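See below for the structure under consideration.
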Amino acid sequence: MQFDEVILGRRSTRGYKPDPVPRALIEEIIALAMRAPSSFNSQPYNFYVISGEPLERIRAGNIERTLAGVPDSREFRTAPAYTGPHRDRQIGVAKQLFSAMGIVRDDKRMREDWLMRGFRQFDAPVCVIVTYDRVMDSTDDTPFDCGAVSTVLVNAAWSRGLGTVINSQGIMQSPVVREHAAIHDDQVILKAIALGWPDESFPANAVVSERRSVAEATTFVGFDD
């Protein structure tokens with residue numbers, strides 16, 4: 001694919017085929033992602049790539065603890081409830097997804113199943129856990145750098161026919177993730193990226209979330225026109 005085709009074509013994938021993803025292909029994608037810029041070339045990120053039985057144990061633990069009412073234990077700062085236009089955009093994409101999946105407002109069973117799908121990493125065959133070195137926890141450059149490498153990773157995957165979705169549901173119960181992914185104490189768990197071959201028959205995979213216009217998001221200073 002051409003660069004513009006990747007950027008414009010990529011979308012979050014929430015339904016996957018069970019087919020395995022070759023380790024060599026994942027290594028190729030991560031190598032490309034690590035060309036992303038980082039502050040002073042600090043490269044504070046690490047990747048734990050989980051599949052098979054360890055991933056199943058993480059899924060089961062996430063669901064079991066969540067349904068038991070165990071509070072989430074995500075290790076990064078979370079914002080209070082969105083308000084204003086940010087809340088509007090959050091609701092907007094939820095409406096798109098629920099409409100595609102045929103989930104009506106009062107269908108509690110289907111809404112809960114959709115929530116559990118997130119805790120299961122959307123049933124993707126691979127989960128990439130993005131962590132960063134705890135010693136770098138005191139600077140906002142670190143999550144910025146992790147965001148940059150994650151952006152390249154999902155686009156590199158898309159260019160090779162793979163789907164991804166960056167999410168927090170898969171790491172809601174960090175003790176479970178740490179245990180089964182063998183994540184060292186010197187790492188902070190930041191995000192999860194579900195990865196696999198997209199199931200094109202899955203309705204939510206056709207959803208393309210809306211974007212603001214350049215005019216809405218951008219201020220030009222010092223230009224004549």
Side-chain angles (χ1 to χ4, degrees), residues 1 4-19 21 55-56 58-60 62-67 69 72 74 76 78-130 147 150-173 190-218:
M1 295 185 193
D4 287 9
E5 291 178 315
V6 174
I7 300 301
L8 293 173
R10 190 210 62 82
R11 56 191 181 273
S12 293
T13 301
R14 295 178 173 86
Y16 295 87
K17 297 177 181 178
D19 308 35
V21 181
L55 180 53
E56 292 302 325
I58 290 173
R59 287 172 172 151
N62 273 339
I63 293 173
E64 180 181 349
R65 287 167 64 99
T66 299
L67 292 179
D72 79 74
R74 289 176 291 182
F76 56 90
T78 56
Y82 292 157
T83 60
H86 306 97
R87 176 61 173 166
D88 292 341
R89 288 192 282 271
Q90 181 186 29
I91 292 174
V93 72
K95 286 182 176 178
Q96 285 183 271
L97 290 167
F98 283 6
S99 176
M101 296 299 298
I103 302 174
V104 297
R105 186 179 183 85
D106 59 352
D107 192 332
K108 293 182 179 180
R109 186 190 64 79
M110 288 192 69
R111 291 170 74 93
E112 183 177 271
D113 181 71
W114 182 257
L115 181 64
M116 291 300 106
R117 173 175 284 273
F119 293 138
R120 299 196 312 265
Q121 282 292 296
F122 302 91
D123 299 326
V126 176
C127 174
V128 180
I129 306 294
V130 181
S150 297
T151 298
V152 179
L153 191 155
V154 300
N155 283 303
W158 185 262
S159 74
R160 287 154 174 76
L162 287 161
T164 61
V165 58
I166 301 173
N167 67 89
S168 301
Q169 299 101 311
I171 54 171
M172 291 284 260
Q173 302 291 342
L190 184 61
K191 285 288 181 178
I193 304 175
L195 182 147
W197 305 107
D199 178 357
E200 298 299 343
S201 68
F202 191 75
N205 286 349
V207 170
V208 179
S209 56
E210 299 175 353
R211 294 293 188 269
R212 291 186 291 164
S213 68
V214 173
E216 290 176 301
T218 310

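These figures come from a predicted structure and were not determined experimentally.
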query: Got D4 and I7 here, is their nearest side-chain heavy-atom distance under 4.5 Å?
result: no
query: Of all heavy-atom pairs between C127 and Q121, which one has the smallest distance, and what is that distance?
result: SG-OE1, 3.3 Å
statement: Rounding to 0.5 Å, atoms CD (E112) and CD1 (I103) come to a distance of 12.0 Å
query: Any side-chain heavy atom of Y16 sitting closer than 4.5 Å to one from D199?
result: no
- request: Kindly state each residue pair satisfying salt bridge (charged side-chain N to carboxylate O under 4.0 Å, His left out) with at least one member in residues 200-215, sequence neighbours excluded.
  value: R11-E200
- prompt: What pairs of residues pass the salt bridge (charged side-chain N to carboxylate O under 4.0 Å, His left out) test when at least one of them lies in residues 152-165, not counting sequence neighbours?
  reply: E28-R160
field: Exam field: side chain R14 to backbone N205, donor-acceptor pair closer than 3.5 Å
entry: no
field: All salt bridge (Lys or Arg N to Asp or Glu O under 4.0 Å) counterparts of R59, not counting sequence neighbours
entry: E56
statement: When rounded to the nearest 0.5 Å, the distance separating CD1 of I58 from CZ of F119 is 14.5 Å
message: Looking at every heavy atom in both A100 and P203, which two are closest together, and how far apart are they?
response: O-CB, 3.2 Å
query: Which atoms form the tightest heavy-atom contact between G161 and P198, and what is the distance?
result: O-CD, 3.3 Å
task: Go through the steps to decide whether K191 and S168 satisfy the test side chain to side chain donor-acceptor pair (under 3.5 Å), and finish with yes or no.
output: CA-CA 6 Å; K191 285 288 181 178; S168 301; 2.7 Å; yes
message: I'd like to know if R74 and D72 make a salt bridge, using a cut-off of under 4.0 Å between side-chain N and carboxylate O.
response: yes
field: Audit row: N62, R120, side-chain contact (heavy atoms from CB on, under 4.5 Å) steps and yes/no
entry: CA-CA 8 Å; N62 273 339; R120 299 196 312 265; over 6 Å; no
CZ-CG distance between F202 and D123, expressed to the nearest 0.5 angstrom: 8.5 Å
- prompt: Got a sec, which residues hit salt bridge (Lys or Arg N to Asp or Glu O under 4.0 Å) with D113, two or more places apart in sequence or on another chain?
  reply: none
query: Roughly how far, to the nearest 0.5 Å, is the CD1 atom of I166 from the CG atom of L153?
result: 8.0 Å
message: Measuring only between side-chain heavy atoms, which start at C-beta, is T66 closer than 4.5 Å to Q173?
response: yes
message: Within this structure, what is the CZ-NZ distance for the pair R111 and K108, rounded to the nearest 0.5 Å?
response: 10.0 Å
- prompt: What are the two closest heavy atoms between W158 and V6, and how far apart are they?
  reply: CD1-O, 3.9 Å
query: Going from OG on S150 to CD1 on I193, what distance comes out if it is rounded to the nearest 0.5 angstrom?
result: 4.0 Å
- line: Looking only at heavy atoms, the pair that brings A192 and I171 closest together is CB-CG2, 3.9 Å
Any donor-acceptor pair under 3.5 Å from N167 side chain to V165 backbone: yes
message: The criterion is side-chain hydrogen bond (donor to acceptor under 3.5 Å, both in side chains); which residues satisfy it with E5, sequence neighbours excluded?
response: none
- prompt: Please walk me through it: do T164 and T13 pass side-chain contact (heavy atoms from CB on, under 4.5 Å)?
  reply: CA-CA 5 Å; T164 61; T13 301; 6.0 Å; no
- prompt: Which heavy atom in L195 sits nearest to a heavy atom in A124, and how many Å separate them?
  reply: O-CB, 3.6 Å
query: Hey, is the main chain of A156 close enough, under 3.5 Å, to the side chain of S159 for a donor-acceptor pair?
result: yes
Contacts table for residues 82-99: side-chain donor-acceptor under 3.5 angstrom, sequence neighbours left out:
unit_1, atom_1, unit_2, atom_2, d
R87, NH1, Q90, OE1, 2.8
Q96, NE2, V208, O, 3.1

